K.L.:
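Starting off with a structure, shown below.
We use all heavy atoms of the structure for the numbers below, so side chains are in, but hydrogens, waters and symmetry mates are not. What you see is a predicted model, and the numbers here were worked out from it, not measured in a lab.
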Amino acid sequence: MRKLAPITGFAIVGALLLSGCGSSANEADAAADDTLIVYTNSNSDGRGEWLIAEAEKAGFDIEIVGAGGGDATNKIIAEKGNSVADVVFGLNNMYFEQLKAADTIAPYTPAWSGEVDAALADPAAEKSYWPLVQQGIVLAYNADALSAEEAPQEWRDLWTQDEFKKRYESVTGLGGATTQLVFAGILNDYKDPNGDLGISDEGWAQVEAYFDNGSPSVADKDLYARMADGEVDMGQMWSSGLTAREAEYGVDTEIMTPEAGVPFAVEQIGIIKGTENKDQAAEFIDWFGSAEVQGSWAKEFNAMPVNTAAIEQANPEVVKFHEELKRQDIDWTFAQENMGAWVEKIELEYMN
């Protein structure tokens, strides 16, 4: 089995290394060429274990390295020329554009390309990444603590209205895709060509207030566990994570529905440039993105697949939820160009 580079510094809570190798220790070297290393930020809530098991049934031996979207992106770029991973999936367009700009992913057209909306894939003619799953990035709140009338109506309410101060979970790291999308949505309203990093002073004041008035996330304690214990009433969440957490922690939640809509993430998949297992990586992508597997993934994890042939297997309530969820109009080119600098500024100046 190939030795993985260290993954220290990954900010996402619960980032983990999952081994799906069925070889014994003395067989590891012989199996090295057959083991696919898969980087992803979509391995939580049992996804990593499920994928390893299902891939093994299909004849793939994979290892999963899980990390936040920003951290995984930075790691792939840092490993350019000496690639460790073979495949990356789960990152959104913003991150894949960074990978493409750094020349770290290889063009490939999967067998199921005709079953997805190509407009959601790499916009270039020679496409290097293709969509798997889409989901909204929302603020979930405890419905037993707040009614729809009492709940916040937009993100700014959290730190500008006294009743919500210290009752929402604020983040303690910006390495995850969900967090970066939340801030892209917030800062989108404060674009200023003369402002610091393209953002007005008022925009940065909003970011400062977010951290000053929130209840910082707790290591190894899920947002829903904190809501169940009464520590907080609300926090950021990706839409496919709602149902499982409600069941696990016994918390009934609703979501905030801002007039402007919510950020949407379209999770993509691609081949790492320089991999020695390119053919096997392509076969894995053909399998994983297929209607059969994406349908099973959607059914298991309440996901909203992009593959149109897989939607019939998805939870009808999930399909309806996403059809009714309004997408926020965000300048993603602007966000992509500035996100790295925004994260650095926020971490240095505003995070306690």
Side-chain angles (χ1 to χ4, degrees), residues 44-45 133-171 176-190 202-203 205-207 209-218 221-266 298 301-304 311 314-330:
S44 62
D45 298 337
V133 171
Q134 56 184 325
Q135 57 185 322
I137 306 303
V138 301
L139 179 85
Y141 64 86
N142 187 341
D144 292 328
L146 296 167
S147 67
E149 293 73 26
E150 295 169 329
Q153 301 302 305
E154 61 177 351
W155 282 94
R156 282 185 293 270
D157 291 347
L158 300 183
W159 52 87
T160 59
Q161 297 188 21
D162 290 342
E163 62 267 33
F164 303 132
K165 293 179 179 179
K166 302 302 180 182
R167 299 305 302 165
Y168 66 91
E169 181 177 85
S170 55
V171 299
T178 299
T179 299
Q180 292 191 10
L181 288 174
V182 168
F183 278 99
I186 293 170
L187 292 175
N188 190 73
D189 291 340
Y190 297 96
E202 177 60 21
Q206 299 295 326
V207 172
Y210 164 90
F211 287 103
D212 286 347
N213 293 286
S215 175
S217 61
V218 177
K221 188 168 185 179
D222 192 88
L223 163 66
Y224 274 63
R226 299 190 70 200
M227 286 197 283
D229 290 344
E231 296 176 17
V232 295
D233 296 326
M234 65 204 87
Q236 68 180 38
M237 182 55 56
W238 54 97
S239 58
S240 66
L242 297 170
T243 303
R245 282 169 171 76
E246 286 185 331
E248 181 176 356
Y249 296 102
V251 178
D252 180 25
T253 55
E254 297 292 343
I255 66 165
M256 179 178 72
T257 55
E259 184 178 348
V262 302
F264 253 73
V266 180
F301 301 110
N302 283 304
M304 181 60 193
I311 293 177
N315 183 333
E317 293 181 357
V318 171
V319 176
K320 184 175 185 292
F321 173 86
H322 284 87
E323 288 177 345
E324 295 177 349
L325 196 59
K326 183 179 178 180
R327 294 172 183 255
Q328 184 179 1
D329 184 12
I330 294 175

K.L.:
How many angstroms lie between OH in Y224 and CZ in R245, if you round to the nearest 0.5 Å?
P.N.:
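One finds 8.0 Å between OH of Y224 and CZ of R245.
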K.L.:
For the atom pair CD (Q236) and CE (M256), what is the distance rounded to the nearest 0.5 Å?
P.N.:
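Result: 11.0 Å between the selected atoms.
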K.L.:
What I want to find out is whether K326 reaches E259 closely enough, with some N-O distance under 4.0 Å, to be called a salt bridge.
P.N.:
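So K326 does not pair with E259 through a salt bridge.
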K.L.:
Does a donor on one side chain and an acceptor on the other come within less than 3.5 Å for N315 and N302?
P.N.:
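N315 vs N302: donor-acceptor pair found between side chains.
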K.L.:
Does the Q135 side chain pair with the main chain of S240, one donor and one acceptor, at a distance under 3.5 Å?
P.N.:
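Checking the backbone N and O of S240 against the side chain of Q135, a donor-acceptor pair under 3.5 Å is found.
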K.L.:
Between the side chains of K320 and E324, is the shortest nitrogen-to-carboxylate-oxygen separation below 4.0 Å, so that they form an ion pair?
P.N.:
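Looking at K320 together with E324, the answer is yes, because their closest N to O distance falls below 4.0 Å.
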K.L.:
When you check the gap from the basic side-chain N to the acidic O, do D229 and R226 get nearer than 4.0 Å?
P.N.:
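Salt bridge absent between D229 and R226.
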K.L.:
To the closest 0.5 Å, what do you measure between OG1 (T160) and CG (N213)?
P.N.:
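Interatomic distance, T160 OG1 to N213 CG, rounded to 0.5 Å: 9.0 Å.
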K.L.:
Judged by atom type as modelled, is there a donor-acceptor pair below 3.5 Å linking the side chain of S239 to the main-chain atoms of G136?
P.N.:
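Side chain of S239 to backbone of G136: a pair is present.
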K.L.:
In Å and rounded to the nearest 0.5 Å, what is the CD to CG distance from Q328 to L181?
P.N.:
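Reported value, rounded in 0.5 Å steps: 10.0 Å.
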K.L.:
With a 6.0 Å cut-off (strictly less than), is the heavy-atom count around CG of D252, excluding the residue itself, greater than 12?
P.N.:
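Check passes, neighbour count above 12.
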K.L.:
Students often mix this up, so state it plainly: with edges at 30° and 60°, are the rings of Y168 and Y210 parallel, tilted or perpendicular?
P.N.:
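Correct class here is tilted.
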K.L.:
Looking only at side-chain N and O atoms, does E246 offer a donor or acceptor that is under 3.5 Å from a partner on T253?
P.N.:
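Yes - a donor-acceptor pair under 3.5 Å links their side chains.
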K.L.:
Parallel, tilted or perpendicular for F264 and H322, by the 30°/60° rule?
P.N.:
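F264 vs H322 ring planes: perpendicular.
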K.L.:
So does K165 pair up with D212, basic N to acidic O under 4.0 Å?
P.N.:
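No.
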K.L.:
Regarding Q161 and D157, is there a side-chain donor-to-acceptor distance under 3.5 Å anywhere?
P.N.:
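Judged by distance alone, the side chains do pair up.
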K.L.:
Looking at every heavy atom in both A225 and Y249, which two are closest together, and how far apart are they?
P.N.:
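Looking at all heavy atoms of both residues, the shortest contact is CB-CE2, 3.6 Å.
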